[in-house]
2 protein chains.
Amino acid sequence: MDTRTLCLGALKQGPCSGYEIRKRFEEGPFGHFQDISFGSIYPALRRLTDDGLVTVTDQEQDRRPDKKVYEMTPQGHLALARMVSTDPASDKFRSDLLFSIFFADLLPADRLAELVENRILQHEAIVRELSKCEDDDGHGPHCPTRPGPEFVRGLGLTIHRACLAYYRNNRNFLIEGHLTDNDEPTGGKSDSHASDSDRLRQPATTSGRTT
Amino acid sequence: MDTRTLCLGALKQGPCSGYEIRKRFEEGPFGHFQDISFGSIYPALRRLTDDGLVTVTDQEQDRRPDKKVYEMTPQGHLALARMVSTDPASDKFRSDLLFSIFFADLLPADRLAELVENRILQHEAIVRELSKCEDDDGHGPHCPTRPGPEFVRGLGLTIHRACLAYYRNNRNFLIEGHLTDNDEPTGGKSDSHASDSDRLRQPATTSGRTT
DNA sequence: GCGTCCATGTAAATGGTTACATGATTAT
DNA sequence: ATAATCATGTAACCATTTACATGGACGC
């Protein structure tokens with residue numbers, strides 16, 4: 001999605017400034033699958049204004065810099081509706097970590113372990129954040145939540161929980177299966193530990209309710 | 001990862017041409033978490049050659065255009081090892097589909113259903129592809145597989161299976177919970193169907209072996 | 001005949017990140 | 001004091017995608 005549409009999406013949750021749009025992407029419910037920065041937000045807002053999809057209102061503030069509050073016009077709402085209905089570009093997932101892990105045998109065992117541990121911590125943090133079921137969609141407390149945001153949040157949780165479980169279950173497979181240059185592949189003594197760590201585990205495919 | 005490192009990664013699986021590098025990213029084991037196109041590959045190979053990280057050999061072919069076969073130098077191997085050991089940039093996941101679904105109430109129910117169905121088909125295709133356990137890492141048949149590629153492939157499978165299950169279990173929640181403008185939110189008759197579709201389901205967190 | 005695969009490469013256009021410039025307030 | 005938060009905006013830089021240019025072989 002181009003930045004303009006992304007801005008409209010943020011604005012859909014209520015009028016706000018460019019600065020606040022970024023916060024909505026950093027902390028809000030979009031953050032886990034879209035990303036923008038100031039350098040693209042401000043020019044986008046400019047264009048949206050020129051095209052009549054949003055309006056600006058200068059707002060003076062006490063002890064704060066003035067801000068420009070942007071608000072969607074009816075055309076803006078239409079444009080957003082049009083955009084979300086077009087065929088979406090395929091998901092893009094880029095992971096340098098997976099690239100590194102693919103070449104696990106090129107890096108020292110402790111470094112590999114460190115990378116994996118860090119990733120586990122990151123997934124834990126994200127799961128924690130997505131778990132606090134706050135009404136993050138900006139429609140005040142306890143509106144009957146629309147299914148869209150709920151569905152998206154739930155999918156995020158599912159993915160990160162699945163990754164977390166996978167990393168926890170299989171890090172030993174990775175790290176213990178990681179033969180350093182000094183190890184004899186044929187194994188002399190430290191052999192026959194056909195333990196947990198020699199097979200990949202996959203989460204069960206059954207799915208129960210956990211609300 | 002910059003394209004140069006990505007090319008080295010592809011070349012690590014054996015010497016090949018720029019054209020074949022792209023194929024390794026399209027079909028090979030990297031494809032699901034990294035992406036490159038010709039426009040970036042050829043300049044990258046140029047720079048790698050200039051920097052002495054790869055060598056080129058012109059190779060004439062029968063009934064085919066000549067090709068340039070690139071091969072890593074010792075420095076190239078070192079450079080790759082150095083790169084995979086540096087702190088990886090955080091994963092980037094961009095999904096226009098999730099953005100659209102977030103605003104599910106802005107698009108017609110049938111369009112929403114179509115988008116979800118398509119995504120289910122895509123996940124099914126990917127799961128199928130990752131499931132055929134071919135020794136995709138280019139080291140010939142039945143080498144004792146290195147843990148890196150195995151781990152990465154397993155994680156890909158886990159993620160896509162989790163997504164697939166989630167979409168299947170919760171599409172009704174999304175689509176039936178999707179009130180069109182004509183529906184009365186207070187519900188007159190078609191009420192009290194507190195069925196499957198009014199709650200989100202999450203896969204069980206238990207994990208068993210499926211080899 | 002038309003499309004696709006093979007194969008390399010360049011150039012233009014696109015779009016985004018990073019850094020810079022500015023500056024008050026508040027918290028540590 | 002120092003850093004972070006609030007707040008907007010521009011410009012330089014970077015990288016990537018897309019389109020173009022070229023052309024033979026092969027299958028339908």
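Here is how names work: the chains are called A, B, and so on, in the same order as the sequence lines, proteins then strands, and each is numbered from 1.
Aromatic ring orientation, F151(B) versus Y167(A): tilted (interplanar angle from 30° to 60°).
R111(B) and E114(B) are joined by a salt bridge, as a carboxylate oxygen and a charged side-chain nitrogen come within less than 4.0 angstrom of each other. A salt bridge links K67(B) to E20(B): one of the charged nitrogens lies within less than 4.0 Å of a carboxylate oxygen.
Within residues 33-43 of chain B, the residues that have a heavy atom under 4.0 Å from DNA chain D are, in order of number, S37(B), G39(B), S40(B). Contacts of residues 50-67 of chain A with DNA chain D (heavy atom under 4.0 Å): Q61(A), R64(A), P65(A), D66(A), K67(A). Non-hydrogen atoms lying under 4.0 Å from DNA chain C are contributed by nothing in residues 83-101 of chain A.
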R146(A)/D105(B) under salt bridge (Lys or Arg N to Asp or Glu O under 4.0 Å): CA gap, chis, key distance, verdict: CA-CA 8 Å; R146(A) 285 170 299 138; D105(B) 44 359; 3.2 Å; yes
Salt bridge (Lys or Arg N to Asp or Glu O under 4.0 Å) between E124(B) and R168(B), intermediate numbers included: CA-CA 11 Å; E124(B) 280 172 349; R168(B) 283 184 181 147; 2.5 Å; yes
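Across R22(B) and I41(B), no two heavy atoms sit closer than the pair CB-CD1, 3.7 Å. Shortest non-hydrogen contact noted between Q13(A) and P29(A) is NE2-CG, 4.4 Å.
Of the two residues contacting DNA chain D, namely D2(B) and G18(A), the nearest-nucleotide position lying further toward the 5' end is that of G18(A). Across the interface with DNA chain C, nearest-nucleotide mapping of Y70(B) and K23(B) shows K23(B) to be the residue nearer the 5′ end.
Rounded to an integer number of Å, the gap from R47(B) CZ to dT16(D) P is 11 Å.
Sorted by first and then second residue, the ring pair (Phe, Tyr, Trp, His ring centres under 6.0 Å) pairs involving residues 57-95 of chain B (not counting sequence neighbours) form an empty list. Applying the side chain to side chain donor-acceptor pair (under 3.5 Å) test to every pair with at least one member in residues 47-57 of chain A, sequence neighbours left out, gives no pairs at all.
Judged by distance alone, the side chains of D91(B) and Q122(A) never bring a donor and an acceptor atom under 3.5 Å apart.
Figure legend: cation-pi geometry between R201(A) and F173(A) absent, as NZ or CZ is not positioned both under 6.0 Å from the six-membered ring centre and within 45° of its axis.
The nucleotide range of DNA chain C contacted by chain A, defined by atoms under 4.0 angstrom from heavy atoms of the protein and reported 5' to 3', is dG16(C) to dT26(C).
The shortest distance between the side-chain N/O atoms of S17(A) and the OP1/OP2 oxygens of dT8(D) is below 4.0 Å. Residue Y19(A) places at least one side-chain N or O closer than 4.0 Å to OP1 or OP2 of dC6(D).
The shortest side-chain heavy-atom distance between V54(B) and E71(B) does not fall under the 4.5 Å cut-off. Looking only at side-chain heavy atoms (C-beta outward), D35(A) and R94(B) come within less than 4.5 Å of each other.
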